[in-house]
Amino acid sequence: MSLLAAETDKRDLRRGACPALSAPMQTGDGLLARISFAEPIRPAQLWTICRLSKTHGNGVINISARGNLQVRGLTAETAGKFEGDIRSLNLPLREGLAVEVPPLAGLDPAEIADPRPLADAIRAGARGLEGLAPKTTVVVDGSGRMRLSKLLADIRLVAARLDDKVGWQILLGDTQAGSRVHGTFPAQQAVDEVLSLLQRLTSLGPTSRGRDLVTDAMPPCAMMEDGPSSLGLTLLEGDEAAVGIGLPFGQTTAMQLAPLCTEAETQHIRAVRPAFGHALILFGDRSACETILVFAGRSGFITESTDPRGMIAACPGSPSCASAAIDTHGLAHLALEHLEDLLDGSFNLHVTGCAKGCAHPQATSLALCGGGSDISFIVGKASDPSFASIPAAESANALRSIAALVRKERLKDETSAACIARLGREQLALSLTSGRT
Ligand code: SF4
């Protein structure tokens, strides 16, 4: 084993470790490098990344739930060259603490405040801070149309209107819905407060997360969540627009993505950025965005929020990931076949190769998790206890049984998520037992 691979293995034994560009992670199909951008890049630069992913890796590219680009199939010999070639492109690479802003930050007329100056100040203030957990994340959300409410964050700032002033509510731990309110502050004080919370996290030790700062006295967050889906066309100021396209099951290939980049250049699309929810957001004038949206749809990308493929979060699974017990994409296709009418947008079906749950860290109405030769059926997070476990060979029958139960029991105007919650784990488990052949 090379020194690089040995070092990488050692680092990756840390639970929750992130596969950064300079510390790629060993997976089932080789090393995986993560590229995070602080700013959008040009379509031609993304085309070059596609080319490098084929030259140095296996050409498979993921966009993670958090919106990071992941290049797969690198080797101990090529990972260093890949890093060198990427760095030579002078891309706006994000290093250090993950401070996330929504993809339309600063461009969205609906935004209460531009979150980027606060994010920059937090990044600068946190530079050199040692001892934070590897996945520590700060979200700064200007409360525009594309919100980061469902992204897990240790510390979250959300812009709020207070009479005629703007305040920043600081929330701790979890998604926005599950977080607790630390307080509401003017901009500069909010930055200082976040830096002091990060300092407290370092003093609590390297596994400490935002939830460890929560006290019983902190009320739950009562702020409204979620704007519309990031998919499709969003009109900005003047003739400017943004177009969101989704990667089915969070994955594409250089072969599929490179032609989209070429067409985007031809249409004078100005910029592109990977975004949360396994999406790509492209920026340009309205007619360019409309044209690229049609091209993306014809090329197999998800372009509408009603596309059921966009309602399934599946991790790379076997054979791409060494930890995977199942072929997640195969199971996701089976779920599409049998559960399609349940996928009404009220929940994301989570298909995961193991309990780590990379593709959907949050709880959901239904998760299918591989383990040994079985599939566990879960309501909640991938690591939560299952309500039933069935042999993988019986997956199709089990999916049919769940679909039949929800179809039969769903009340008029009830969403699938509400129906599943009302039925509860016991009834769901019963349908699987009685459905087995
Ligand atoms: S969730 Fe999927 S991608 Fe993540 S470690 Fe498990 S099998 Fe691998």
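Worth knowing before you read on, the calculation uses all heavy atoms, side chains too, and leaves out hydrogens, waters and symmetry mates. Counting convention: from 1, in listed order, for ligands and their atoms alike.
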Applying side-chain contact (heavy atoms from CB on, under 4.5 Å) to Leu46 and Leu69, what does each step give before you reach the verdict?
CA-CA 10 Å; Leu46 186 56; Leu69 203 68; 4.1 Å; yes
Under 4.0 Å from one or more heavy atoms of Pro316, ligand 1 contributes atoms 3 (S)
Under 30°, 30 to 60°, or over 60°: which ring-plane class applies to His56 and Phe82, parallel, tilted or perpendicular?
perpendicular
Looking at atom 8 (Fe) of ligand 1, what's its closest protein heavy atom, distance included?
Cys321 SG, 2.2 Å
Should the ring pair His360 and His350 be called parallel, tilted or perpendicular, given that the plane angle runs from 0 to 90° and is split at 30 and 60?
tilted
Separation between CZ (Arg400) and CG (Leu334), nearest 0.5 Å, reads 8.0 Å
Quick check on contacts: which atoms of ligand 1 are under 4.0 angstrom from a heavy atom of Thr352?
1 (S)
Can you check which of Cys315, Ala359, Cys358 brings a heavy atom nearest to atom 2 (Fe) of ligand 1?
Cys315
Nearest-neighbour protein heavy atom for atom 6 (Fe) of ligand 1, which is reported as residue plus atom name and distance
Cys354 SG, 2.3 Å
If the threshold is 4.0 Å, N to carboxylate O, is there a salt bridge linking Arg209 and Asp212?
no
Ligand-side contact atoms (ligand 1) for residue partner Ala324, heavy atom cut-off under 4.0 Å
7 (S)
